[in-house]
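Here is the structure we will look at.
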Amino acid sequence: MILRNVRVLDGRGERFEGASLRFDPESGRVDAVGDADPGGDEPVYDLSGKTVVPGLVDAHVHFSLSGEATVADVMAMNDAELLLTEVGNARKTLESGVTGVRAMGARDLDVVLAQYVARGEVAGPRMTANCRSITITGGHGHHLGQEVDGPTECRRAVREQVKRGAEFIKVMATGGVTTPGTDPDSAAFTDEEMAALVDEAHRRGVHVAAHAHGAAGARAAVEAGVDTIEHGTFLDEETIDLLVAEDVVLVPTLSAPYHIVRNADHATDDALQKTNDVYERHLESFAAAVEAGVDIVGGTDAGTPFNYHGTNATELSFMVEYGMDPHDALVAMTGRAAEVVGLEDAGVLEPGAFADFLVLDDDPLEDIGAVRDPRTVVKGGEVVAGDAFGVGELSG
Ligand SMILES: [Zn+2]
């Protein structure tokens, strides 16, 4: 099948004008980008004026959370209720144009969901999933996480999760905004614990994502060798330089504090107070990281308070508003994100890659908001939302 006369942004930073995108609905893969002559009775759709971009890859989502003000509702659910909630959130996410995610697990459900999605039995984006966050006793996310103390328990937790199917490890390197009684600013683990977590994960061949707000916690995580820093709210110059020097990726999740601040009336006092304190600093940290050339990947923290699944593309608008070049932002939430989270052949439009893409009415390099409202969402060569190229003439 060929889409003709389209602008293609390939997820690696290349732009093709008046191009063709050829893909095979059978294999679900891209055959060609640029020129393509139709063969036999191959369908050809003329989509003049439209732009095709890879489906978004969101490096930080919580399918277990649905934007509730507190995690109490989630804690009250049994596993069946929680898994069905996750199934609904995965579908919403896919239909909005997100075709790949790194899912931050709750209990051990996300690794199960990932298997069903991979087999095509449940609608959802391609997933790399973990079991549950690893946190210190009483630390951020302990309600749904795995509490550990001491290097031996850290190693054991990593081994247990990998045994149960975790494809990465998430650690809570500082306190958090949504967990009462935890401090977002100070380092949670001892250096020995953090080193044990990272060493064990890397021995098992999985990467480590570190939730970190404060600079001290972020620095300790980077020094221990984590692969991605999540949030990076209070980054100082020293920490930003260290991110660059150690090639550690920052997933800024600008959507998360934005939605709490915008819904101030409904947020819990504890969450709101912490968020107001951090929001401005978060934006400054992000802008400084962009300026310094930190490797940035798009992630939303979708599911956190008022940060609803299916609004993921708004993150791109924030990234652009606070200093990122629109094409860089798009790459950060497609090709680069897929590479960092380990979704092979996803996030790019090139021969052999998955035919996961969005048809947009407007050029996102002119207005990044165009990605929020895709005309068509395709995953694996199949239309999963929107119209089936209905604007074009079937000329094949
Ligand atoms: Zn999160």
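Throughout, residue positions are numbered sequentially from 1 according to the sequence presented. Atoms within each ligand, like the ligands themselves, are counted from 1 in listed order.
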**Report entry** Derivation of the salt bridge (Lys or Arg N to Asp or Glu O under 4.0 Å) call for Glu153 and Arg156
**Finding:** CA-CA 5 Å; Glu153 283 187 27; Arg156 183 175 179 87; over 6 Å; no
Query raised in the report: Which atom, among the N/O/S set of Asp301, is closest to the Zn ion (ligand 1)?
Result: OD1
Query raised in the report: Just wondering, is there an N, O or S atom on His60 that's nearer than 2.8 Å to the Zn ion (ligand 1)?
Result: yes
Query - N, O or S atom of His62 closer to the Zn ion (ligand 1) than 2.8 Å - result: yes
Query raised in the report: Taking the six-membered ring of Phe354, is the NZ or CZ of Arg29 close enough (under 6.0 Å from the centre) and on axis enough (within 45°)?
Result: yes
Query - Six-ring centre of Phe16, Arg7 cation under 6.0 angstrom, axis tolerance 45° - result: no
Query raised in the report: Will you find, in the side chains of Asp363 and Thr51, an N or O donor that is under 3.5 Å from an N or O acceptor?
Result: no
